[in-house]
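Have a look at the structure below, then the notes.
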Amino acid sequence: MNKDYDFTISEPKWQEFWEKEKIFAFNPKAKKIFSIDTPPPTMSGKMHLGHAFSYTHTDITARYKRMKGFSVLYPFGVDNNGLPTERLVEKIHNVTLFQLGREKFVQLCQKTIQGILPDFIFGWKRIGLSSDFDNAYSTISPEAQKLSQLYFLDLYNQGRIYKKEMPVLWCPECQTAIAQAELEDKEIETFFNDIEFRLTSGEKILISTTRPELLPSCVSIFVHPLDKSKNNLIGKTAIVPIFNQEVPILSDEKVDINKGTGIVMSCTFGDTTDMEWYFKHNLPLKISITKDRKLNELAKEFSGLSIKEAREKILERLKELNLLKSQKRISHTVNVHERCQTEIEILPTNQWFVKYLDLRNQFLKQSGKMNWRPKFMKSRLDNWINGLSWDWCFSRQRYFGIPIPAWYCKKCKKIIVADKDQLPIDPLSAKPKTKCSCGSEEFIPETDIMDTWMTSSLTPQVVLSRFDKKISKKAFPMSMRPQAHDIINFWLFYTMVRSYLHFKNIPFKEIIVSGFLLDSKGEKMSKSKGNVIEPETVINQYGADALRCWASQSSLGDDLKFNEEEIKNGKRLVTKLWNAFKFSSLHLENYSPEKNDKKLLQDEDKWILNKFSLMTREYYKKMDEYEYAKAKEVLDKFFWSDFCDNYLEIIKTRAYESKDRGVQYALYYLLLNVLKLYSPIIPFITEEIYQEFFKENEKIKSIHLFSFPEDKELFNFPKETKDFENAINTIEQIRKYKSEQKISIKAEVETVVIETKDKEKIQKYLPLIEKIMAVKKIEVK
RNA sequence: GGACGGUUAGCUCAGCUGGUAGAGCGUCUCGUUUACACCGAGAAGGUCAUAGGUUCGAGUCCUAUACCGUCCACCA
């Protein structure tokens, strides 16, 4: 045995081996099932190091639970549904869905995702995920479509779904309604314009606005009720410049006295406050912008202009009329659509909603029923639930997604939904099973599709639908949901909502929230910053084990900064393991443990076995609490310091002098079990070592098919351990002495004086210590 | 403005139910040829963000403050 470990050869080799031998196959008939609701990564984005980071955490748990005797349901899914995929396809093929038309575009999407899928999945395999890749699910698959539509029908039948003309958040770029959760803030530069309005009573007032193009939509003017200098205006009527509509001056506490002139114009709709006022003060509706960012006929001579052009032209006109009194350049934050960074508008459109605002308290209760790790993450969700102000608008005016299974009667306009056994269905190419109640047989199909979250929120159902009912019942609620904290308001929230609406249950028992991966400066990795590191780069250089080692260092919920030095540490561990096993194997040739060998154990063997047992219990405890970092820490400390630096050094001479079956027994036991404990964290090197040194004797196909040692397989030697600690202490004193004298550990020394509390007990170890520390005589003080 | 985290050695972080600070990396010194220099031994390094309070005693509990981060709200 004299070769070095080469991860570039071994890692792909074992990955193929696991796949071929189905080492991680889920056994649905097992007694103990541990089910994981893994996040399906969006196919539109390349896998980045942040994924490797959080998926490693989940994978460590999956592997740990497996070796603790669970059959682990650990699916792998791909989110290739909806807007993100459409945008990807548009980008790859340099087309827009409007150019291609619906049918061709959907076909192109399907074809494209089929093409990318293998490459996409390959990246995830490389980091050593022990998912069942043969059964990878997709959120656009026929099964997912069927389920999404089925549960849509459930909500519909519960009366939870309604369609209504409502002001919704509208993305003019994507030409679709979007959800509250899809908003993002963006700083932009703009002008704050002071515009003069005339009152019917003849007075003049100044109003500041960033959106003069909305003047035709102005429906009222607001001042603060306690603003003494302005509240004399309340009740009066103002005339909107250029467009000349007369609007009332009202009061509302939301007005900020110190902002602009303290007088606000309210338009339908400039922002969410306008909408609030529209409902609260029962204002008229005056829409002047169209869905594609233009002004409509209400804007009179400005109609047909884009918002941007109209803004300029209207400002010009105001200037001519001497009504634009001043302009200030400001930078302010606006709401943009997170997928395309376009400023959103609020437009009344016909949309589908899930009614759930009335359930806020129930949602809060559900949130409390789940076990949050770390605990404080719960307040993120609760905070979000408390702040909900819209029902869930789930219709999207896009093409690539799951169709809403509904039609409208051509005659009486009634909504007709599909029948259960028609699913999955596209209403565009199918008809309802029965006539409308009015007798008509002509229908207009719904063209809207469902929001991606409408499907993602069903991942537990998508995964469990593959098994028969008994099993899916047993595995639900799922054991664990791992995810990062950025999608608590999306995925986690919606999954909880669906689970409550359909089953009055929580979707999973534990929520494991991992942090973010930051770059070395502590900034979030993002394409726009150009600081994204790809896992491939790291794996090529240091190996997947090293990457996993590093990822396992962070505590749950904590962000982790990328640090190349720390990844090197992982590689060092891999090398150290390899060398320790290579060395030990010299002393284990043809050895197979027998019961009687236990009787040959010396105190130093008992000491290390005892240490191992204590460490193992601690390791289990930490792993059970999802404290990967701490589990690894105790294991590292044992392996590196106790086992390698002390034990191996102590037994060296004993092992070299003769085949000592006591030493062999301890060595074999420790090595094999250390390997087991390391295997969830660094699966490749542990497999390599197992196959190289143990497979022949143990016969089991892979290290990953072992169970961890149970309590009865651990050791308990408190007395010998306590005694031998004296010897360790003495050895340390001699090391220190030699280091201070600047001489080699191996250099022979005449006499060393050591101090000890227990003069009696150290006596029996002195010959051993003198031998390994190269000291002729140890004097005890 | 609201909620939640964080602030401990040069760096990254541990420090459970309160009892005079720990690890890894880095630095410095020394040691190699029967596992490993991707190694071993040793050393130096901290008034635990600040100010109060509780206590015999606080990094650890309480209250303020500052700074950093995340989410939410506001953004006329």
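In what follows, chains carry the letters A, B, and so on, assigned in the order in which the sequence lines appear, proteins first and then strands, with residues in each chain numbered from 1. Quantities reported herein were computed from a predicted structural model and do not represent experimental measurements.
Contact annotation for A/Asp636: no contact, since no heavy-atom pair falls under 4.0 Å across all strands. Across all strands shown, A/Trp640 has heavy atoms under 4.0 Å from sugar-phosphate atoms exclusively, and none from any base. Among the atoms of the strands shown, none is found under 4.0 Å from any heavy atom of A/Lys568. In this structure, A/Lys259 reaches the bases: a heavy-atom distance under 4.0 Å links it to at least one base atom across the strands shown. As judged by a 4.0 angstrom heavy-atom cut-off over every strand, A/Asp274 is placed among residues making no nucleic acid contact. Residue contacts for A/Glu566: at a heavy-atom cut-off of 4.0 Å it reaches the sugar-phosphate backbone alone, with no base atom in range. Among the protein residues, A/Val574 comes within range of no part of the nucleic acid, since none of its heavy atoms lies under 4.0 Å from any strand. A/Thr273 comes within 4.0 angstrom of the backbone, heavy atoms only, and of no base.
Relative ring orientation between A/Tyr678 and A/Phe639 is described as perpendicular, the plane-to-plane angle rising above 60° on a 0-90° scale split at 30° and 60°. The aromatic rings of A/Phe53 and A/His57 sit perpendicular, their planes meeting at an angle over 60°, well past the 30° parallel limit.
In this structure, A/Glu633 atom CD and B/G15 atom P are separated by 9 Å, rounded to whole Å. Distance CG (A/Asp256) to P (B/C75): 9 Å, rounded to an integer number of Å. Following rounding to the nearest Å, A/Asp559 (CG) and B/G5 (C1') show an atom-to-atom distance of 9 Å. In this structure, A/Glu276 atom CD and B/C74 atom C1' are separated by 11 Å, rounded to whole Å. Atoms CG (A/Asn335) and P (B/C72) sit 10 Å apart, rounded to a whole Å. Rounded to an integer number of Å, the gap from A/Ile346 CD1 to B/C74 C1' is 13 Å. In this structure, A/Phe639 places its CZ atom 12 Å from P of B/C39, rounding to the nearest Å. Atom CG in A/Leu518 sits about 12 Å away from atom C1' in B/C68, given to the nearest Å.
The phosphate of B/C74 has OP1 or OP2 within less than 4.0 Å of a side-chain N or O from A/Thr272.
Between B/G2 and B/A73, the two C1' atoms lie 7 Å apart (nearest whole Å). Rounded to whole Å, the P atom of B/U50 lies 35 Å from the corresponding atom of B/A41. Straight-line distance between the P atoms of B/U54 and B/A43: roughly 41 Å, to the nearest whole Å. Here, B/G15 and B/A58 have their C1' atoms 13 Å apart, quoted to the whole Å. Nucleotides B/G69 and B/U27 have their P atoms positioned 30 Å apart, rounded to a whole Å. Nucleotides B/G59 and B/C71 have their P atoms positioned 34 Å apart, rounded to a whole Å. Separating the C1' atom of B/G19 from that of B/C11 is a span of 30 Å, rounded to the nearest Å. A gap of 16 Å separates the C1' atoms of B/G5 and B/C13, to the nearest Å.
A distance-only check finds a donor-acceptor pair linking the side chain of A/Trp372 to the backbone of A/Ser367 [under 3.5 Å]. The backbone N or O of A/Cys549 lies less than 3.5 Å from a partner atom in the side chain of A/Ser552, making a donor-acceptor pair. In this structure a side-chain-to-backbone donor-acceptor pair under 3.5 Å is missing from A/Asp274 to A/Ser266. Judged by distance alone, with hydrogens and angles left aside, the side-chain atoms of A/Glu196 form no donor-acceptor pair with the main-chain N or O of A/Ile205 at under 3.5 Å.
Across A/Val663, A/Ile651, A/Leu648, A/Asn579, a single residue satisfies side chain to side chain contact (heavy atoms under 4.5 Å, CB included) together with A/Ser584, and that is A/Leu648.
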* Structure fact -> In B/S/- notation (B base, S sugar-phosphate only, - none; protein heavy atoms under 4.0 Å), nucleotides 25-35 of chain B written 5' to 3' is S---SSS--BB
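Residues that satisfy the salt bridge (charged side-chain N to carboxylate O under 4.0 Å, His left out) test with A/Arg654, not counting sequence neighbours, are A/Glu604, A/Asp605, A/Asp660.
On a pure distance criterion of 3.5 Å, no polar donor-acceptor pair joins the side chain of A/Asn563 and the base of B/C11.
Pairing partner, B/U17: none, since no Watson-Crick or wobble contact has both distances short of 3.5 Å. Here B/U7 sits opposite B/A66 as a Watson-Crick or G-U wobble pair (both hydrogen-bonding atom distances under 3.5 Å). With a cut-off of 3.5 Å on both pairing distances, B/U54 has no Watson-Crick or G-U wobble partner at all. Base pairing of B/G45: no nucleotide in any strand meets the Watson-Crick or G-U wobble criterion (both distances under 3.5 Å). Pair assignment for B/C36: none, as no Watson-Crick or G-U wobble contacts are both less than 3.5 Å. Shown here, B/C71 forms a base pair with B/G2; the pair counts as Watson-Crick or G-U wobble because both key distances fall under 3.5 Å. The nucleotide B/U60 finds no pairing partner, because no Watson-Crick or G-U wobble arrangement with both distances shorter than 3.5 Å includes it.
Remark: A/Phe376, A/Ser379, A/Arg380, A/Asn383, A/Trp384 in residues 371-385 of chain A come within less than 4.0 Å of RNA chain B through at least one heavy atom.
Glycosidic conformation of B/G26: anti, with the torsion beyond 90° of 0.
Between A/Val334 and A/Asp558, the residue anchored closer to the 5' end of RNA chain B is A/Asp558, taking for each the nucleotide with the nearest heavy atom.
In this structure, A/Lys652 forms a cation-pi arrangement with A/Phe583, its terminal cationic atom sitting closer than 6.0 Å to the ring centre and no more than 45° off the ring axis. Stacking of A/Arg329 on the aromatic ring of A/Phe191 is recorded, both the 6.0 Å distance cut-off and the 45° axial limit being met.
Side chains of A/Gln553 and A/Tyr628: no donor on one and acceptor on the other come within 3.5 Å. Side-chain contact check for A/Asp252 and A/His281: at least one donor-acceptor pair (N or O, by modelled atom type) lies under 3.5 Å. At a cut-off of 3.5 Å, with distance as the only test, no side-chain donor of A/Asn569 or A/Glu565 sits close to an acceptor on the other residue.
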